[in-house]
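Worksheet: one structure, shown below.
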Amino acid sequence: MYIHLQYNSRNSLKKVNTSSFSMKTKFNFAQLLIQWSIENPRTLPWIAEKNPYKVWVSEIMLQQTRVETVLPYFEKFIKAFPTIQSLAVATESQIFKRWEGLGYYSRARNMHFTAKYIVNELNGNFPNNRAALLKLKGIGRYTSAAIASFCYDENVAALDGNGIRILSRVFGIAENPWTLSGVTYFEKQAAAILPKNQAALFNQALMDFGSKICLPKNPHCQDCPFSFACKANREDRIAEFPIKKTKIELRKRHFHYFVIQDQKNNFWIHKRVENDIWKGLHEFYLIETTKKNLSKRVVQQIFGKLNSALNPEIILNFSQKLSHQHIFTYFYAVKPIEKAVQADFFLVKQENLKKFAFPKSILVFLENFIRL
DNA sequence: AAAGCGGGGGT
DNA sequence: ACCCCAGCTTT
């Protein structure tokens, strides 16, 4: 059966039966979607925003991050760095501090790089088309399309997780969106149904619809304007679309943090510089183990020669399940040490700790044990 | 193609 | 416990 969607005179739907279901419904899908979005408006700081700098900031923050999480960060970030010039001249540490707790910190580093590039090499002119945007560090297929459509009305579909989910279900697209060929196929299909000169509206509608109706689990098909045409719904195969990412085994890591001060109660900290989690953030002296237990011999080896006291006791436990690692963090108190335990460590006064960016686990420790 | 990268909210 | 979020970069 071919479903053709059209509005009747009362602007409600009726079905027209034909021979087979196909992307021929594209025009109707898009208009129906836009109609839904007009009836279900959403107010967010970046919606209808045309300033490419602000849209860029919002899109980078929203990568793999929920809207509710981003909102306070976005407001503070824009207040701290109102223009791309202000971001370009900021220090990385200032930027990281505004990103603290948001996760995926390479996003902040890439933004800084790109801000400097645009200001210094492009005279501050933000690239104004998808192809040029795609070349910028930190901007990929989705984000380039989003900025191009929202700011410059380029006719390009921006497919994030929402778009993939909706299209795969409604049109029964079985391609694997987590492969390059798969996402290319989805983009091709989206381009075919994208209404001319309404890309911004369409892309925004797709994401709003994905967040309110076509949810990953338990979608609200009863409120969905195309549920009668949706292949996944009609065939009762919603759970099969889209293809799921193959889940990875969480690497377990045990972080033993030694909170070391000097006799004046300054704290020894350093910046993580390795290509590892939390690169660019700060931390206390760390001994990492693959298993829970930290041998006393190792502690002796490190702290013994520093003439420090042992019998460190765990003063706080913290467990974090990240998307790719399960990190157990333990904090130990030790007696003061006057000499850096490692060359890159430096002393910070207690009241200045808040100027540095830390991972969440250390923030929790500081909030509970150190008055800032 | 696969791995690595945060943190949190919903079910 | 599991899913996945307005994904991208590196290997």
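Computed from a prediction, not measured in an experiment: that's the story for all the values here. Below, read A as the first sequence line, B as the second, and so on, with proteins coming before strands; counting in each chain starts at 1.
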Legend entry - Steps toward salt bridge (charged side-chain N to carboxylate O under 4.0 Å, His left out) verdict (A:Glu235, A:Arg237): CA-CA 5 Å; A:Glu235 299 181 2; A:Arg237 296 166 58 201; 2.5 Å; yes

Grab the [atom1]-[atom2] distance between [X] and [N] for me, whole Å please.
| X | N | atom1 | atom2 | answer |
| --- | --- | --- | --- | --- |
| A:Asp160 | C:dC5 | CG | C1' | 9 Å |
| A:Leu322 | C:dC5 | CG | P | 17 Å |
| A:Leu281 | B:dG7 | CG | C1' | 12 Å |
| A:Glu68 | B:dG6 | CD | P | 22 Å |
| A:Ile243 | C:dC4 | CD1 | P | 12 Å |
| A:Arg253 | B:dC5 | CZ | C1' | 11 Å |
| A:Met61 | C:dG7 | CE | P | 15 Å |
| A:Phe358 | B:dG7 | CZ | C1' | 18 Å |

Students often get this wrong, so: under 4.0 angstrom with heavy atoms, is [X] touching a base, only sugar-phosphate, or nothing?
| X | value |
| --- | --- |
| A:Leu134 | nothing |
| A:Ile60 | nothing |
| A:Trp46 | base |
| A:Ser106 | nothing |

Inset, instruction - Specify the closest pair of heavy atoms between A:Leu133 and A:Ser144, including all atoms of both residues, with the distance to one decimal. - result: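 Result for this residue pair: CD1-O, 3.6 Å.
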
Legend entry - Minimum-distance pair of heavy atoms, taken over all atoms of A:Asp153 and A:Ala200: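 In terms of heavy atoms, the two residues are closest at OD1-CB, 4.0 Å.
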
Before we go on, tell me: are the rings of [X] and [Y] under 6.0 Å apart, centre to centre?
| X | Y | answer |
| --- | --- | --- |
| A:Phe318 | A:Phe255 | no |
| A:Phe74 | A:Trp46 | yes |
| A:Phe365 | A:Phe369 | yes |
| A:Tyr285 | A:Trp268 | no |
| A:Phe258 | A:His256 | no |

If the cut-off is 4.0 Å, is [X] near the phosphate of [N], judged by side-chain N/O to OP1 or OP2?
| X | N | answer |
| --- | --- | --- |
| A:Lys247 | C:dA1 | no |
| A:Arg107 | C:dT9 | no |
| A:Tyr105 | B:dG7 | yes |
| A:Gln63 | C:dA6 | no |
| A:Thr143 | C:dC8 | yes |

Legend entry - Member of A:Phe328, A:Phe331, A:Tyr332 meeting the ring pair (Phe, Tyr, Trp, His ring centres under 6.0 Å) criterion with A:Tyr257: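 Testing A:Tyr257 for a ring pair (Phe, Tyr, Trp, His ring centres under 6.0 Å) against A:Phe328, A:Phe331, A:Tyr332 leaves exactly one candidate, A:Phe331.
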
Legend entry - Of A:Asn110 and A:Leu62, the one whose closest DNA chain C nucleotide lies more 5':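 Nearer the 5' end of the strand: A:Leu62.
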
Legend entry - Residue whose nearest DNA chain C nucleotide is more 5′ - A:Gly138 or A:Val67: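 So the residue in question is A:Val67.
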
Inset, instruction - Choose from B:dC5, B:dG7, C:dA6 the nucleotide whose nearest atom is closest to any side-chain atom of A:Pro359. - result: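 From the listed options, B:dG7 comes nearest.
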
Inset, instruction - Looking only at side-chain atoms of A:Arg42, point me to the closest of C:dC5, C:dA6, B:dG8. - result: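 Looking only at heavy atoms from C-beta outward on A:Arg42, the closest nucleotide is C:dA6.
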
Inset, instruction - Kindly say whether, by distance alone, the side chain of A:Thr69 makes a donor-acceptor pair under 3.5 Å with the base of B:dG9? - result: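 Absent.
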
[atom1]-based separation of [M] from [N] [nearest Å]:
| N | M | atom1 | value |
| --- | --- | --- | --- |
| B:dA3 | C:dA6 | P | 25 Å |
| C:dT9 | B:dG8 | C1' | 23 Å |
| C:dC8 | B:dG9 | C1' | 23 Å |

Inset, instruction - Mind running a 4.0 Å heavy-atom check of residues 211-218 of chain A against DNA chain C and sending the residues that fall below it, in number order? - result: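 Close to the strand are A:Pro216, A:Lys217.
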
Legend entry - Sequence neighbours excluded, every pair satisfying ring pair (Phe, Tyr, Trp, His ring centres under 6.0 Å) that has a member inside residues 117-149 of chain A: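 Every ring pair (Phe, Tyr, Trp, His ring centres under 6.0 Å) pair that includes a residue of residues 117-149 of chain A, provided the two are not neighbours, is A:Trp56-A:Phe126.
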
Output one line per pair: protein atom, nucleotide atom from nucleotides 1-4 of chain B, and distance, for all N/O pairs under 3.5 Å.
none

Inset, instruction - Output all residues satisfying ring pair (Phe, Tyr, Trp, His ring centres under 6.0 Å) with A:Phe346, sequence neighbours left out; order by chain, then residue number. - result: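 For A:Phe346, the residues satisfying ring pair (Phe, Tyr, Trp, His ring centres under 6.0 Å) (neighbours in sequence not counted) are A:Phe356.
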
Legend entry - From CA spacing to verdict: salt bridge (charged side-chain N to carboxylate O under 4.0 Å, His left out), A:Lys279, A:Glu274: CA-CA 6 Å; A:Lys279 181 181 179 183; A:Glu274 308 301 318; over 6 Å; no

Legend entry - Side-chain (A:Arg130) to main-chain (A:Arg141) donor-acceptor, under 3.5 angstrom: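 Yes.
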
Legend entry - Donor-acceptor contact below 3.5 Å, side chain A:His282 vs main chain A:His270: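 Checked: no pair found.
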
Legend entry - Heavy-atom neighbours of A:Gln342 CD exceed 12 at 6.0 Å: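 It does: A:Gln342 CD has more than 12 such atoms within range.
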
Inset, instruction - Assess whether salt bridge (charged side-chain N to carboxylate O under 4.0 Å, His left out) is satisfied between A:Lys231 and A:Asp236, documenting all intermediate values. - result: CA-CA 8 Å; A:Lys231 182 164 180 185; A:Asp236 203 15; over 6 Å; no

Legend entry - Pair pattern of DNA chain B in dot-bracket, where unpaired bases get dots and | marks partners in another strand, Watson-Crick or G-U under 3.5 angstrom: |||||.|||||

Inset, instruction - Strictly below 4.0 Å, heavy-atom distances to any atom of DNA chain B: list the hits from residues 91-101 of chain A, or just say none. - result: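 Close to the strand are A:Gly101.
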
